[in-house]
Protein chains: 2
Amino acid sequence: MEVGGYNLVYNSLSFAIATFGAATVFFFAQRSQVAPAYKTALSLSGLVCLIAFYHYLRMFESFNDAYTLVNGTVEATGAQFNDAYRYVDWLLTVPLLLLELVLVMRLSKEETYSKGTKLALAAAVMVILGYPGEVITDPSMYGDRWMWWVLAMIPFVYIVWDLVSGLGASISKQPKAVQGLVSKARTLTILSWCFYPIVFVFPMIGLQADPGAVNPAIQVGYTVADVVAKALFGVMIYMIAQRKSDAGA
Amino acid sequence: MEVGGYNLVYNSLSFAIATFGAATVFFFAQRSQVAPAYKTALSLSGLVCLIAFYHYLRMFESFNDAYTLVNGTVEATGAQFNDAYRYVDWLLTVPLLLLELVLVMRLSKEETYSKGTKLALAAAVMVILGYPGEVITDPSMYGDRWMWWVLAMIPFVYIVWDLVSGLGASISKQPKAVQGLVSKARTLTILSWCFYPIVFVFPMIGLQADPGAVNPAIQVGYTVADVVAKALFGVMIYMIAQRKSDAGA
């Protein structure tokens, strides 16, 4: 691994630790500023960031165990960098993120329950189907990596389609003051989500790492996507909750 | 590195850890003492200090890994001192600091949003443009270091100009009881900010370190600037928020 790539991965992992730690504190502190109906959404935002904070701490440690930078040269210690942390994180956080969005819409109890369950389950299936592909780093096996990508894209497309069509109808029923913001949150979700399957195919389109080494393009790509999809998305959910609280909606 | 310089860097990093840890607790504890309109400003003060606390802990660790003081001699271990922590910190905290100032002014919703977004984006661009210059420590490349300094000064001047002119007009609309204090907070922001580009040019005006070693002038300079621009500035924001709460404004 080159020094430049090492520094990028190292600093982006630390950046994510700081961001998710601060975001966790922010969401729990600001929970007192929203109406009771939105406190659960704020709690979920805080939990998503807390879970991500934990996993980024672990990834940072794991990366430090796997590589050292001494006298300007990056050395692999032989210890394995544990890639699975990301997928364990997503298995927990992606369903919660979708629940946040559903909760802040304040649909009827039945709709909240059925939409929440469907989206959360689809998200879990998506993450589970992505993992067997992610661990394939041998270029001769990229056919299999593509296969898992296609399989994970089925629940992915279902979720995005549901956000576009299903939530679209609900947005028109939201108070005027937040319609624009809810629509932006939905766009942010869709755009940040689309980043993940693109990062997944980085190695197949030439953004390779040395065989068996950590791929900086993948690590930095997923980290940026996580910060947008979790922390920035949480801030939008908070703004929606606060405006709806002010409007008494 | 000389023993004197080593001790200065070591102790100033530890001083910053103590200051930012204490400041974080102070702002979250005192959040209950201000009116709801100012609680977000206090939360942001706390987050800025929490993020700085984290990065100073990391810098302290990194400095300890890079140097040891044994039998009165400073020895470089070969491990790299990670300079990037400061820039990762600023990328997160400088936009938040500007948001604090905007929030405590309590402008209209639209003004808060547009001014906050513009200033936060300009701050991020400024930090990103400064970093490529900061990592240049080879004196023969100082032409490039100057170039990045000039580029980063463009958003810097824009922000300072906006604080002087734009906030100037708003200050006259503040309650009489806090006009002086808000004006002082603005002056403190501008003065403490001007310190950063001066520290940046320290090596170019002769405050050199040994080649490849940590430069004590830069480390101590940035640490002092951070304590003033984050912790002391946060205390002023708190005083403004408290006086405005008392005045019912």
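Every chain is numbered from 1, with letters handed out A, B, ... down the list of sequences.
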_Using every non-hydrogen atom in the two residues, find where A:Ala18 and B:Leu92 come nearest and quote the distance to one decimal._
CB-CD1, 3.8 Å
Interchain donor-acceptor contacts below 3.5 Å (chain B, chain A):
unit_1   : atom_1 : unit_2   : atom_2 : d
B:Arg31  : NH2    : A:Ala29  : O      : 3.0
B:Arg31  : NH2    : A:Gln30  : OE1    : 2.9
B:Pro36  : O      : A:Gln33  : NE2    : 3.3
B:Thr40  : OG1    : A:Gln30  : NE2    : 2.9
B:Ser43  : OG     : A:Gln30  : OE1    : 2.6
B:Tyr54  : OH     : A:Ser14  : OG     : 3.0
B:Gly78  : O      : A:Asn71  : N      : 2.7
B:Asn82  : ND2    : A:Asn11  : OD1    : 2.8
B:Tyr85  : OH     : A:Tyr10  : OH     : 2.8
B:Lys109 : NZ     : A:Asp246 : OD2    : 3.2

_Quick check on B:Leu91 against chain A: is it the side chain, the backbone, both or neither that has a heavy atom closer than 4.5 Å?_
side chain
*Using non-hydrogen atoms only, which part of B:Leu44 is less than 4.5 Å away from chain A: side chain, backbone, both, or neither?*
side chain
*side-chain contact (heavy atoms from CB on, under 4.5 Å) partners for B:Val25, two or more places apart*: none
*Enclosure of B:Phe60 CZ (heavy-atom neighbours >12, cutoff 6.0 Å)*: yes
